[in-house]
Amino acid sequence: QQQVKQSPQSLIVQKGGISIINCAYENTAFDYFPWYQQFPGKGPALLIAIRPDVSEKKEGRFTISFNKSAKQFSLHIMDSQPGDSATYFCAASMGSNDYKLSFGAGTTVTVRA
Amino acid sequence: DAGVTQSPTHLIKTRGQHVTLRCSPISGHKSVSWYQQVLGQGPQFIFQYYEKEERGRGNFPDRFSARQFPNYSSELNVNALLLGDSALYLCASSSRGDTQYFGPGTRLTVL
């Protein structure tokens, strides 16, 4: 039973375009939502994370939007670059009570030059 | 500062064998978690240790076990290997548990 559902499975975007990845969750006890970037043969690297007390968080070209009532959150990659081509995973955990990360299935992003 | 380190990088075993994977967390981090990532899927939680005590266990058979040492390093043991155990095994380090930093992983191939 996958606790975090991620879409799309893959996407192709032109250089300079916007990549949007969506995630949805059911467990309202989740209170920490990180995004990870993974290149082939490497471990996931923490990209950006958000907690439910804010609706948006921006770090450079990466923005997380969070909708608590809809139990959805998304990653926007602005001005996408070929170096952003990777697999992106959303995840969720219950923070101080249970740090286990539940991951989405991943989205493979390809940025065309 | 050194990140999370894992050894070995790659490993090939045959069915029925036993394997031990090792992880050293970021200096100062007391929590280590283990995840299994099958090709094309997201990581799946196996264990979490904090201050040498098991804090969580995922839905994996008893063939999987782990421990954390006084220096906070950790090892994951898998007995009676099956073909389906072939995966990238990831170790994640955190200071208190929530923000987790992953190592490069150990690629295990079971033949």
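To find a chain, count down the sequence lines: A is the first, B the second, and so on, and within it residues start at 1. Bear in mind the structure is a predicted one, so any value in this text is a computation, not a measurement.
In this structure, chain A has no heavy atom under 4.5 Å from any part of B/Gln44. Using a 4.5 Å cut-off between heavy atoms, A/Pro44 touches chain B through backbone and side chain atoms alike. In this structure, no portion of A/Ala49 lies under 4.5 Å from any heavy atom of chain B. Looking at A/Gln9, there are no atoms closer than 4.5 Å to chain B (heavy atoms on both sides), in backbone or side chain.
Closest of all the heavy-atom pairs between A/Gln38 and B/Leu88 is NE2-CD2, 4.0 Å.
For B/Leu39, the CG atom sits in a loose shell: 12 or fewer heavy atoms of surrounding residues, nucleotides or ligands are nearer than 6.0 Å. Heavy atoms from other residues, nucleotides or ligands lying under 6.0 Å from CZ of B/Arg15 number 12 at most. In the displayed structure, A/Phe62 atom CZ is contacted under 6.0 Å by more than 12 heavy atoms of other residues, nucleotides or ligands. Counting heavy-atom neighbours within 6.0 Å of A/Gln81 CD, excluding the residue itself, gives a total above 12. Counting non-hydrogen atoms of neighbouring residues, nucleotides and ligands closer than 6.0 angstrom, the CG atom of B/Asn71 exceeds 12 such neighbours. Within 6.0 Å of CZ in A/Arg61 there are more than 12 heavy atoms belonging to other residues, nucleotides or ligands. In this structure, A/Lys58 places its NZ atom where only 12 or fewer heavy-atom neighbours from other residues, nucleotides or ligands lie under 6.0 Å away. For B/Asn59, the CG atom sits in a loose shell: 12 or fewer heavy atoms of surrounding residues, nucleotides or ligands are nearer than 6.0 Å.
We find the CG-NZ distance between B/Leu90 and A/Lys42 to be 13.0 Å, quoted to the nearest 0.5 Å. Note: A/Thr87 OG1 to B/Gln41 CD = 12.5 Å, rounded to the nearest 0.5 Å. Note that CZ of A/Phe89 and CZ of B/Phe102 are 10.0 Å apart. Values are rounded to the nearest 0.5 Å.
With B/Tyr35 contributing its side chain and A/Leu101 its backbone, the two residues share a donor-acceptor pair below 3.5 Å.
With chain A as the partner, the residue from B/Gly105, B/Pro43, B/Gly42 showing the most heavy-atom pairs under 4.5 Å is B/Pro43.
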Show your reasoning for whether side chain to side chain contact (heavy atoms under 4.5 Å, CB included) applies to B/Gln100 and A/Tyr32. CA-CA 11 Å; B/Gln100 297 186 32; A/Tyr32 176 70; over 6 Å; no

